[in-house]
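Inspection log for the structure reproduced underneath, given as structure tokens.
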Amino acid sequence: MTIIRAGLVITCLYISGLVLYSSLFIFSANQAAWAQVLKIFVASVYSLFLILPAMIAQKRNIVLRIIGYAILIICFGYIFFLVGYFRYFGFVPEITALGTGNVADVAGVLDHYWAQIFGIREIVLIAVAALILFLLSKHTLPAKSLLVLFLPCLLFSVNWVQYGAPLQSKSFGNETVIRRFGLPVFFYLSLKEDLQRTSEYLTEETAFPGNLRDDVLLIASADASTTKIDLAPVDKVVLVQIESLDNEAIDSTLNGNAVMPFVSALRNDSCLEFTNFHTVKSVGGSSDSEFSVATGLLPSSKRQSLRNANFGDIQTLYELLAAAGIDSYFAHNNNIGFYGRNHAYAQMPHLDTTFLSPEQDITEQAFAVQGLESALSASDRLFYYFFNFQSHGPYRGYSQSAGERFTVSLNASIKDHYLATMYDVDQMIADLFTLQAEDFQQGNSLFIVTSDHPSYLHSDSTLLSRSRIPTLICHSAFSGTQVANLGSTIDFFPTLLDAFDVPGADRSYAASLFSVGPRIVLFPSGKVLQQQEDGELSLKACTTACQPYFDYTDQYIRVSR
């Protein structure tokens, strides 16, 4: 009977790991389904390390018993937190990603987490934890239970030798999760990365491969000429990047009311709308857009670029603008530790950064407005980059007035919650536009609205649908015009330099969006998107000619940070 009870405890520990990794795991491309599922079961073995605090909890010494139970409760609480957190934020919040000891980073986003529990995983975890604690209080585990540590210790050594480096772990599965099997490995490597400030790079120094419009990657075309959209240099550019924006949201109505009336009107009156514009995301997720704006380079396909890049060796957009007398500002309502922004922006002395902290009791709309007001009062020539986070799932962050406008209740569909949130975002964009309206009417300001990715509520499962994002470049000289030419997030780097008439775009892979001609979109997944002469899109597998573009970025990406 004792063996049965011990086996039940061990089984419950393993189930807790299975629940955790079934939530964290991101299936890798080009692998059989059975191999994908097997990885989850293999990763779950590491949960058996929790047999150690379980055994400590049964010691006669009261202090040891308290320590054992405390470790179990903390571990299950952390697993419970991760299960919901990862589904909405898309990454494991490592110690360095949050900022060592920065509990405020977690507190600032807990509202997103609590808004979407409970699911079946959370219920299973609570039941498993309760059963384990009950059994430990009633029955003593035999010392032989410690033998179950043999398997996770064996796997730990395999993980250390074969999957410790990003190049190997990438081929095995999701790098963030697989390289950090289980909490022991997770905490060890997180602490190591926080203490290790310098390291080797992913690749050796390599030559700049040139522009992505180079003939080596283009389909042969009888006419590869480009045309230039006329635009006199401006002194001010406002770039508003919306989390999870869909083209469908701009045109939508909800219960008879327009969802984004201001953006819709602006688009039809004064903007170039790029209908084939795509986000280029890799393992860094949303932060890859910030990396590409800053550098004009493709994000690494192996490591989170923003957090692990050595920006001291990269000539950034902000450095080039500063040399021309243009001030750059970046504002984000999410705390600085997420995605390693605390590491990244500390390396950019030419960029003035502002982050909304949990202590500031203001809306994101007010935060965005205050940031632009401050920038406009301080600088005659400026680039203001605002990253909106309010529209992140589960889309229940809209105001009471928006809820009343659309008569949205708590039990409404997630799409209704999303659209109601987009109305508040639309009003924020309107406020930002108003602040620079005078310069805009005089032709001295460029106003850009884009996104880091769609909400995926309107898209299908195809790469193009899940990467296509709205992009509006607005100027008083433009009328509501659709531009079918391909574009991607790395194009913002040369486009912004072009708008200010600042040299330096030749160090970017991309081309200014004001130059209309043949171009491609290269995805970190290994796909190349090209546009045929008739305007049709063609998605093909990448050849060896594509790899130098990632290698060039990787020479600035540290293996460990």
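Looking at Ile557 and Tyr201, their side chains never come closer than 4.5 Å, going by heavy atoms from C-beta outward. Looking at Phe49 and Leu149, their side chains come closer than 4.5 Å, going by heavy atoms from C-beta outward. With a 4.5 Å cut-off on side-chain heavy atoms, Leu254 and Val408 count as touching. Looking at heavy atoms from C-beta onward, Leu125 lies in side-chain contact with Ser16 at the 4.5 angstrom threshold. The shortest side-chain heavy-atom distance between His453 and Lys281 falls under the 4.5 Å cut-off. With contacts defined as side-chain heavy-atom distances shorter than 4.5 Å, the pair Glu290/His332 qualifies. Val425 is listed as a side-chain neighbour of Met428, based on a closest heavy-atom distance under 4.5 Å. Inter-residue side-chain proximity for Thr450 and Ile469 is flagged as met; some heavy-atom pair is nearer than 4.5 Å.
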Q: Any chance you could lay out the ring-ring contact (aromatic ring centres under 6.0 Å, His included) test for Tyr345 and Phe330, step after step, and finish with the verdict?
A: CA-CA 9 Å; Tyr345 294 126; Phe330 177 79; 4.9 Å; yes

Q | Leu372/Asp431 under side-chain contact (heavy atoms from CB on, under 4.5 Å): CA gap, chis, key distance, verdict | A | CA-CA 10 Å; Leu372 182 54; Asp431 287 348; over 6 Å; no

Q) So Glu319 and Met348, side-chain contact (heavy atoms from CB on, under 4.5 Å) or not? Walk me through it. A) CA-CA 8 Å; Glu319 181 182 354; Met348 302 183 198; over 6 Å; no

Q: Decide side chain to side chain donor-acceptor pair (under 3.5 Å) for Gln365 and Asp424; before the verdict, give the C-alpha distance in whole Å, the side-chain angles of both, and the deciding distance to 0.1 Å.
A: CA-CA 8 Å; Gln365 187 169 346; Asp424 275 349; over 6 Å; no

Q: Report the C-alpha distance between Ile51 and Ile10 in whole Å, list the side-chain angles of each, state the deciding distance to 0.1 Å, and finish with yes or no for side-chain contact (heavy atoms from CB on, under 4.5 Å).
A: CA-CA 7 Å; Ile51 196 68; Ile10 293 169; 4.1 Å; yes

Q | Arg341 vs Ser287, side chain to side chain donor-acceptor pair (under 3.5 Å): CA-CA, chis, key distance, verdict | A | CA-CA 9 Å; Arg341 294 187 177 98; Ser287 67; over 6 Å; no

(Q) The test is side-chain contact (heavy atoms from CB on, under 4.5 Å); show your working for Asp327 and Asp352 and say whether it passes. (A) CA-CA 8 Å; Asp327 299 323; Asp352 187 323; over 6 Å; no

Q.
Checking Thr206 against Asp551 for the side chain to side chain donor-acceptor pair (under 3.5 Å) test, could you report, in this order, the C-alpha distance in whole Å, the side-chain angles of both residues, the deciding distance, and whether it holds?
A. CA-CA 7 Å; Thr206 181; Asp551 289 342; 5.9 Å; no

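Side-chain contact of Ser465 with Asp460: a donor-acceptor pair under 3.5 Å is present, judged by distance alone. In summary, the side chains of Glu364 and Asn388 do present a donor paired with an acceptor at a separation below 3.5 Å, with no hydrogens or angles considered. Using a 3.5 Å distance cut-off with no hydrogens or angles, the side chains of Ser282 and Asp288 do not pair a donor with an acceptor. For the residue pair Asp246 / Ser455, a side-chain donor-acceptor distance below 3.5 Å is found, with atom types taken as modelled.
The backbone N or O of Phe41 sits less than 3.5 Å from a side-chain atom of Tyr14, completing a donor-acceptor pair. Looking at Ser145, its side chain never comes within 3.5 Å of a backbone N or O of Leu141 through a donor-acceptor pair. Not one N or O on the side chain of Ser301 forms a donor-acceptor pair closer than 3.5 Å with the backbone of Pro524. Judged by distance alone, with hydrogens and angles left aside, the side-chain atoms of Arg121 form a donor-acceptor pair with the main-chain N or O of Ser22 at under 3.5 Å. Using a distance-only test at 3.5 Å, with no hydrogens or angles considered, a donor-acceptor pair links the side chain of Ser23 to the main chain of Val83. Formation of a donor-acceptor pair under 3.5 Å by the Gln555 side chain with backbone atoms of Tyr552 is found in this model. Remark: the backbone N or O of Pro299 is not paired with any side-chain donor or acceptor of Ser305 at under 3.5 angstrom. Of the possible donor and acceptor atoms, none in the side chain of Ser374 sits under 3.5 Å from a partner among the backbone N and O of Gln370. Panel note: side chain Asn308, backbone Gln304; a donor-acceptor pair is recorded below 3.5 Å. Looking at Ser413, its side chain does come within 3.5 Å of a backbone N or O of Asp416 through a donor-acceptor pair.
Here His350 and Tyr318 keep their ring centres 6.0 angstrom or further from each other. Two rings, from Tyr385 and Tyr329, have their centers 6.0 Å or more apart.
Atoms OH and CG, from Tyr384 and Leu239 in turn, are 11.0 Å apart once rounded to the nearest 0.5 Å. Between Arg5 atom CZ and His139 atom NE2 the span is 3.5 Å, to the nearest 0.5 Å. With rounding to the nearest 0.5 angstrom, the CG atom of Leu135 is 11.5 Å from the OG1 atom of Thr140. With rounding to the nearest 0.5 Å, the separation of CD1 in Ile132 from OH in Tyr69 is 11.0 Å. Remark: Leu147 CG to Leu48 CG distance equals 12.0 Å, nearest 0.5 Å. Expressed to the nearest 0.5 Å, how far OH of Tyr556 lies from OG1 of Thr203 amounts to 9.5 Å.
Between Thr279 and Phe523 the shortest heavy-atom distance is O-CE2, 3.7 Å. The two residues Ser289 and Asp452 come nearest to each other via the heavy atoms OG-CB, 3.9 Å. Minimum interatomic distance between His278 and Ser467 (heavy atoms only, all atoms of both residues): ND1-OG, 2.8 Å. Annotation for Tyr423 and Ala402: closest pair CD2-CB, 4.0 Å, computed over non-hydrogen atoms. Heavy-atom minimum distance, Leu72 versus Ala54: CD1-CA, 4.0 Å. Closest approach of Leu298 and Phe291 over heavy atoms only: O-CE2, 3.6 Å.
Because its NZ or CZ atom is both nearer than 6.0 Å to the ring centre of Tyr456 and within 45° of the ring axis, Arg466 counts as a cation-pi partner of that residue.
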